Amino acid sequence: MSALRERRESAYDLLIRNGRVATAADTTLCDIGVKGGRIAALGRGLEGAAREIDASGKLVLPGGIDSHCHIEQLSSAGVVSADDFESATVAAAFGGTTTVIPFAAQHRGQSLRRVVAEYHEAARPKAVIDYAFHLIISDPSPEVLGQELPALIADGYTSFKVYMTYDRLKLDDRQMLDIFAVARREGALVMVHAENHDMIGWLRDRLLDRGLVAPRYHALAHAALAEGEATGRAVSLGALLDVPVLIVHVSTGEAIEAIRSAQTKGLKVYGETCPQYLFLTAEDIEKPGLEGAKFCCSPPPRDTHAQEAVWRGLQNGTFQVFSSDHAPYRFDASGKLPKGDATRFDEIANGIPGIELRLPLLFSEGVGKGRIDLNAFVALAATNHAKLYGLYPRKGTIAVGSDADIAIWDPERAVTVNAAMLHDNTGYTPYEGRPLKGWPVTVLSRGRIVVEEGKLLAARGSGEFLPCALSDAARPLGRLQPELLFAARAGNPLV
Ligand code: DUC
Ligand code: ZN
Ligand code: ZN
């Protein structure tokens, strides 16, 4: 064998040939050469690899990033989600996702550092794809604000979620400002669950007083106005301190308007939405008996007008990211229905599964039906998540030097959703019976084949932790309000 031939044969570990390669920017017919887990070359007619995949007729896309999912998390009401890091990451991979960013969730009184260590212990032996962590802060004590949070941000936990509702998670405006001030100083990104706690509580109590306990009343208590008000307030709190904010799981026109109007003013306000707000409505929660509990999440699915507003928000760039908010609970007393048949709407565990179907749903109904183009799909599925959370360009794109995290999609594959075909541990899917077109058939993580033609090939524990960098998205505008400028002159250390 000549020296030249030997050199050619060892050029790549893997070649993906003849696929239509799409990024958030463009679509090209080309080959991808992978070496040492990274993309080593993009071009036509690449040669010399130990293994080749023929992607003729297929789409070759960056693996998805699901930056909002709850895995092995104990809810604030004490219910454990159905998936562990193995079942959740396997399900994610089968749906074309190669990175997840779940939460290390602090309950009141807990040390954030300890919480993070526990989530690592849970994830390390089980994850089959790569993962980072956001923090959930429910107890912004002086210790958390002054020491734990800055140290954790420096260690690669550069985003955190705060809640404006839920009895055991809710922060008041003052606590939110305390956390925003730390985010500003350290360069971290704040994610906000925006619903007005008192509006929801007031409505809930009126409904319960009247004996109205069925799941359908969950959607009534979580009024669209409660989400709109809290979204506007979160935007104002961010503007007061010149802190970028990301409003998560946006479901309604009122909230979309608040986000859009802030963006129009030039504020760094970002939006996330999820499959449940495009593909479900409050009518699903009205299903007979307790069946509607399968569709209860917060905020709840709303009506077809809200669905249209969410589609428009995806089309006009109000939303940067499309995540699952995967929060799976089994349909029994261990999960959704803590009091069995006697469970009232306000006792139902909030959350629905979606980690595997997130991208097939958006591809089929978005790209397939001409609502968004393929490059917008890639941005919403992967690239923008990596940019917002400090993982770009290692993750979220197909470029020389990036990790070879790739999903090869058959755009013609027809699939009818049923719970038995999915890989999570929920036991049901809210999307049962949906006909979809387009499916990820081969999924690679750092060049390793994780899923191929319906088979899992990656080993438990082969996923790696990803520390996140600070992102440009989280950098303040530098436009201080007069009140804050005054405080800064007076030497306020938070400014
Ligand atoms: N709402 C949340 O805030 N988190 C998990 C699921 C849900 O419905
Ligand atoms: Zn939330
Ligand atoms: Zn959530």
Side-chain angles (χ1 to χ4, degrees), residues 65-83 88 92 100-107 119 133-138 159-171 176 179 189-197 200 204 215 218-219 221-224 226-227 230-231 234 245-252 255 270-277 279-280 282 284-285 292-302 321-331 335-338 343 345-355 358 385 389 424 426 430:
I65 300 177
D66 193 345
S67 62
H68 187 156
C69 46
H70 303 268
I71 304 179
E72 264 188 88
Q73 190 181 318
L74 189 67
S75 82
S76 60
V79 185
V80 190
S81 53
D83 281 314
V100 288
I101 316 184
F103 298 89
Q106 180 202 35
H107 294 281
Y119 276 88
F133 288 111
H134 312 287
L135 309 172
I136 285 175
I137 304 169
S138 64
S159 47
F160 30 85
K161 184 176 177 191
V162 294
Y163 286 79
M164 298 172 82
T165 188
Y166 288 124
D167 288 332
R168 298 189 192 86
L169 295 171
K170 176 199 180 296
L171 304 179
M176 300 250 298
I179 291 175
L189 185 63
V190 187
M191 310 157 74
V192 182
H193 178 127
E195 288 188 286
N196 180 307
H197 187 68
I200 294 168
R204 177 200 60 216
H218 170 79
H222 287 256
E227 186 183 338
T231 302
V245 285
L246 167 59
I247 311 295
V248 295
H249 48 48
V250 174
S251 74
T252 179
Y270 309 104
E272 174 205 76
T273 194
C274 315
Q276 46 272 40
Y277 308 121
F279 305 113
L280 303 174
D284 290 301
I285 309 182
K294 291 181 179 171
F295 305 87
C296 282
C297 54
S298 296
R302 305 209 184 261
V321 280
F322 185 74
S323 311
S324 68
D325 196 7
H326 182 72
Y329 295 106
R330 292 192 67 81
F331 194 59
K336 272 278 168 200
L337 307 171
T343 305
F345 73 83
D346 60 315
E347 296 164 331
I348 294 167
N350 273 215
I352 59 178
I355 205 163
R358 170 183 74 115
H385 302 253
Y389 297 115
D424 65 84
T426 318

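For ligands, and for the atoms within them, numbers begin at 1 and follow the listed sequence. Since we're looking at a predicted model, the values are computed, not measured. Side-chain atoms are counted along with the backbone in the values below, which use heavy atoms only and exclude waters and symmetry mates.
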Those residues that, when tested against His70, pass side-chain contact (heavy atoms from CB on, under 4.5 Å) (two or more places apart):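 Result, side-chain contact (heavy atoms from CB on, under 4.5 Å) vs His70: His68, Gln73, Phe103, Lys161, Tyr163, Asp325, Ala327.
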When the aromatic ring centroids of Phe295 and His218 are compared, is their separation below 6.0 Å?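 No; His218 has its ring centre 6.0 Å or more from that of Phe295.
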Of His197, Glu195, Met176, the residue whose pairing with Met164 passes side-chain contact (heavy atoms from CB on, under 4.5 Å):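 Filter result, single survivor: Met176.
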Counting no waters, how many protein N/O/S atoms sit under 2.8 Å from the Zn ion (ligand 3)? 3
Would the distance check show the side chain of [X] and the main-chain N or O of [Y] forming a donor-acceptor pair, the cut-off being under 3.5 Å?
X: Lys336; Y: Gly351; result: yes
X: Thr343; Y: Glu347; result: no
X: Arg168; Y: Ser76; result: yes
X: Ser138; Y: Gln106; result: yes
X: Ser298; Y: Pro300; result: no

Per-pair distances, ligand 1 N/O vs protein N/O, less than 3.5 Å:
from: ligand 1; atom 1: 1 (N); to: Tyr166; atom 2: OH; distance (Å): 3.2
from: ligand 1; atom 1: 1 (N); to: Ser298; atom 2: O; distance (Å): 2.9
from: ligand 1; atom 1: 3 (O); to: His193; atom 2: ND1; distance (Å): 2.9
from: ligand 1; atom 1: 8 (O); to: Ser298; atom 2: N; distance (Å): 2.8
from: ligand 1; atom 1: 8 (O); to: Gly351; atom 2: N; distance (Å): 3.4

Return the set of residues passing side chain to side chain donor-acceptor pair (under 3.5 Å) with Asp424 (not counting sequence neighbours), or none when no residue passes.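 So Asp424 forms a side chain to side chain donor-acceptor pair (under 3.5 Å) with Thr426.
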